[in-house]
Amino acid sequence: MNNRVKTILATVDNKSMILPATSQIQQVEKEAKGIISKKIKENQNLSNDIKNYDTFIKTIQNNEVALVAEKTLSTSLKSPLLTIDSPTKNILQSQEDPNKSYLSLNKRMVQ
């Protein structure tokens, strides 16, 4: 057999492992829930401070900075959707981009 045939047979015989990245997704979900929970607690504390109106007014009178404290939060969480073993990943990465193939074929057909 020539090398090309051997390469194809080895590729076909390869047991690919593509699995959902469940643990990574759950970790991101846990982090997101923690961030949301923290913000909810901060808002509840602020709400409790404002409920006691007299104390709140005295706090503002003594600390004008409290009136301009604007807090925003921006964060980015990411996780892979799948885990892929290296041989399978290499095979997939070596494949031609289907969008590029389609556009090339379409361009040739239009001309």
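All of these numbers come straight from a predicted model, not from anything done at the bench. Along the sequence shown, residues carry numbers from 1.
Proximity of K33 to E29: side-chain heavy atoms (C-beta onward) are separated by under 4.5 Å at one or more points. Looking only at side-chain heavy atoms (C-beta outward), S79 and Q27 stay at 4.5 Å or farther from each other. Side-chain contact between K15 and T88 is absent, with no heavy atoms from C-beta onward closer than 4.5 Å. Residues L82 and L19 have side chains not in contact (no heavy-atom distance under 4.5 Å, counting atoms from C-beta outward). Looking at heavy atoms from C-beta onward, K51 lies in side-chain contact with N48 at the 4.5 angstrom threshold.
Rounded to the nearest 0.5 Å, atoms NZ (K39) and CD1 (I36) are 11.5 Å apart. Taking CD1 of I50 as the reference point, atom CG of N43 lies at 9.5 Å (rounded to 0.5 Å). From S37, atom OG reaches atom CD of Q44 across 8.5 Å, with rounding to the nearest 0.5 Å. Within the model, atoms CD1 of I91 and OG of S86 stand 11.0 Å from one another, a figure rounded to the nearest 0.5 Å. Between the CG atom of N45 and the CD1 atom of I40 there is a distance of 12.0 Å, given to the nearest 0.5 Å. For the atom pair K107 NZ and L103 CG, the distance stands at 10.0 Å (nearest 0.5 Å).
For NZ of K38, the number of neighbouring non-hydrogen atoms (other residues, nucleotides, ligands) closer than 6.0 Å is 12 at most.
We find that E96 and K100 are not joined by a salt bridge, their nearest charged nitrogen and carboxylate oxygen being 4.0 Å or further apart.
Counting all heavy atoms, side chain and backbone alike, T83 lies closest to P20 at OG1-O, 4.3 Å. The minimum heavy-atom distance between K78 and V28, with the atom names listed, is O-CG2, 3.4 Å. Listed here is the closest heavy atom pair of A21 and P80: CB-O, 3.2 Å.
Both I18 and I25 are assigned to one and the same hydrophobic cluster, defined by single-linkage of ILVMFWY side chains at heavy-atom distances under 4.5 Å.
D85 places a side-chain N or O within 3.5 Å of a backbone atom of M17 that can act as its donor or acceptor partner.
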